[in-house]
Amino acid sequence: MRGKNTTKVEHLGNVPLFAELTRKELDQLAKLCDEAQVAEGKVLVKQGSVGFECFVIEQGQVKVERDGVVLATLGPGAYFGELALLDKQPRSATVTALTDLLVVVLGPREFASALDTMPGLARKIMTVLARRLRDMDARFVGH
Ligand code: CMP
């Protein structure tokens, strides 16, 4: 019989963020994270609050808002909630489910452990952070 973990590993393997992980790393990651279904309209992350989790979207769409201004909509393969775990500051934005979601959830210790033990994952996360910073710079200056 195929276990819950097998399905989770398959799901994780389909997420581009995790695409370069080895089978062993995927198994390890599956043990560190939970998969959760979230109903449309639910607020997963609240601006200003203390952050405990980082989320990766497997299915569905979310809206990222700061002070009521929409910064981004994110879909499958994207992640959010990493900033508060990286710099231990309050949540920078509110993230709301625009549709029903299937998400991967990593707690703070698990997130740190994944970064420490999976250099490929850490590099990908830095690449996305770099892209977001460039996008913000371009938006700020207008080109
Ligand atoms: P965190 O600050 O923990 O909680 C809110 C999350 O929204 C944040 O982490 C990022 O993951 C995400 N976020 C904030 N600003 C942006 C942005 N400009 N584009 C995409 N996602 C963002």
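Counting starts at 1 for both ligands and their atoms, in listed order. Computed from a predicted structure; not experimentally measured.
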Quiz prompt | Cation-aromatic face contact Arg134/Phe140, 6.0 Å, 45 degrees | solution = no
Practice problem: Evaluate the side-chain proximity of Phe111 to Ile125: yes if any heavy-atom separation is below 4.5 Å, no if none is. | Solution: yes
Quiz item: Hey, does Leu21 have a side-chain heavy atom less than 4.5 Å from the side chain of Leu29?
Solution: yes
Practice problem: With a 4.0 angstrom cut-off on heavy atoms, strictly below it, pick out the residues next to ligand 1 and order them by chain and number. | Solution: Val45, Val64, Leu71, Ala72, Phe80, Gly81, Glu82, Leu83, Ala84, Arg91, Ser92, Ala93, Val95, Arg132, Met136
Quiz item: With sequence neighbours left out, what residues match Phe80 under ring-ring contact (aromatic ring centres under 6.0 Å, His included)?
Solution: Phe55
Quiz item: Salt bridge between Glu65 and Lys46, side-chain N to carboxylate O under 4.0 Å?
Solution: no
Quiz prompt | Test item: Lys88 side-chain N/O and Leu83 main-chain N/O as donor-acceptor pair under 3.5 Å | solution = no
